[in-house]
Amino acid sequence: MIKLSGKIKKKFDTSVFGNFEKRVLWLEEITNDNRYPNTWQLELWKEDTQMLDAYEEGDYVTCYVDIKGKLISKEKSRDGDEWVSNTIKCWNIEKDGKQYKPVKA
């Protein structure tokens, strides 16, 4: 389990691809000097997309994430090159110590 904490920089609407739903948020890391904060693009999938409705841009939250990676073979690639796609998948959000849903063990 990986936890990322920061401020919700931007929330996007849900996108639907056939029977798959995806929603994106940008989470900005809060640093001591705020000079070079990281900003992560997190994805919420399927029923988890609704979870983001409980939060506003500017909220300070902790996101529980998994890093997903998928090898795209030469046969499935548009340009015929093999490559890897990485995603940071958010499966829970916590604000002020209150979790949206129970954390997996």
Side-chain angles (χ1 to χ4, degrees):
M1 171 177 55
I2 300 169
K3 294 194 288 186
L4 298 175
S5 295
K7 177 177 74 173
I8 297 176
K9 184 81 170 169
K10 187 161 177 81
K11 298 186 337 178
F12 294 87
D13 293 333
T14 300
S15 298
V16 179
F17 308 93
N19 63 351
F20 180 75
E21 293 183 12
K22 176 176 98 169
R23 192 164 183 190
V24 171
L25 75 100
W26 291 348
L27 185 69
E28 182 178 65
E29 175 185 37
I30 304 305
T31 61
N32 289 337
D33 61 8
N34 278 337
R35 289 182 57 204
Y36 305 105
N38 287 304
T39 300
W40 300 287
Q41 178 169 298
L42 310 181
E43 292 185 4
L44 297 96
W45 298 350
K46 302 179 185 175
E47 65 276 352
D48 289 341
T49 60
Q50 300 169 19
M51 160 181 359
L52 198 51
D53 293 336
Y55 304 96
E56 301 295 326
E57 290 179 1
D59 283 350
Y60 292 87
V61 298
T62 298
C63 294
Y64 293 81
V65 302
D66 293 327
I67 299 174
K68 302 288 187 180
K70 181 178 183 180
L71 175 66
I72 309 300
S73 67
K74 291 179 181 182
E75 296 77 27
K76 293 186 179 181
S77 174
R78 290 184 198 146
D79 60 6
D81 289 334
E82 187 174 68
W83 57 283
V84 173
S85 172
N86 293 312
T87 301
I88 304 174
K89 180 186 179 288
C90 178
W91 51 267
N92 201 4
I93 301 174
E94 179 180 276
K95 179 181 174 187
D96 300 327
K98 298 176 184 150
Q99 298 171 3
Y100 183 82
K101 62 184 183 183
V103 176
K104 301 175 199 174

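Nearest heavy-atom pair, Ser5 versus Thr62, reported as atom, atom and distance to 0.1 Å: OG-OG1, 2.9 Å. In plain terms, the two heavy atoms of Cys90 and Val65 that are nearest each other are CA-CG1, 3.9 Å. Taking each heavy atom of Met51 and Trp91 in turn, the nearest pair found is CE-O, 3.5 Å. Nearest heavy-atom pair across Thr31 and Pro37 is CG2-CA, 4.1 Å.
Of the residues Lys22, Lys68, Arg23, the one that meets the salt bridge (charged side-chain N to carboxylate O under 4.0 Å, His left out) test with Glu43 is Lys22. If you run side-chain contact (heavy atoms from CB on, under 4.5 Å) between Leu42 and each of Leu4, Ile8, Ile93, only Leu4 comes through.
To the nearest 0.5 angstrom, Trp45 atom CH2 is 14.5 Å from Thr14 atom OG1. Going from atom NZ of Lys10 over to atom CH2 of Trp26 covers 6.5 Å, rounded to the nearest 0.5 Å. Note that CG of Leu52 and CD of Glu57 are 9.0 Å apart. Values are rounded to the nearest 0.5 Å. Between atom CD of residue Glu28 and atom OH of residue Tyr60 there is a gap of 8.0 Å, rounded to the nearest 0.5 Å. Rounding to the nearest 0.5 Å gives a distance of 12.5 Å between NZ of Lys70 and CG of Asn86. Rounded to the nearest 0.5 Å, atoms CG (Asn92) and CG (Asp48) are 8.0 Å apart.
More than 12 heavy atoms of other residues, nucleotides or ligands lie within 6.0 Å of CG in Asp79, so this atom counts as buried by the packing criterion. Counting heavy atoms of neighbouring residues, nucleotides and ligands inside a 6.0 Å radius, atom NZ of Lys9 does not exceed 12 of them. Counted within 6.0 Å of CG on Asp53, heavy atoms from surrounding residues, nucleotides or ligands total more than 12; the atom is thus considered enclosed.
In this structure, the side chain to side chain contact (heavy atoms under 4.5 Å, CB included) partners of Lys95, at least two apart in sequence or on a different chain, are Tyr55, Asp59, Val61.
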Practice prompt. Start with the C-alpha distance between Leu25 and Leu44, add both sets of side-chain angles, then the distance that settles side-chain contact (heavy atoms from CB on, under 4.5 Å), and finish with yes or no.
Written response: CA-CA 8 Å; Leu25 75 100; Leu44 297 96; 3.6 Å; yes

Practice prompt. Check the pair Lys74 / Glu82 against side-chain contact (heavy atoms from CB on, under 4.5 Å), numbers first and verdict last.
Written response: CA-CA 5 Å; Lys74 291 179 181 182; Glu82 187 174 68; 3.9 Å; yes

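Linking Ile, Leu, Val, Met, Phe, Trp and Tyr whenever their side-chain heavy atoms come within less than 4.5 Å puts Ile88 and Ile2 in one cluster. Both Ile67 and Leu27 belong to a single network of hydrophobic side chains, linked directly or stepwise wherever heavy atoms of I, L, V, M, F, W or Y lie under 4.5 Å apart.
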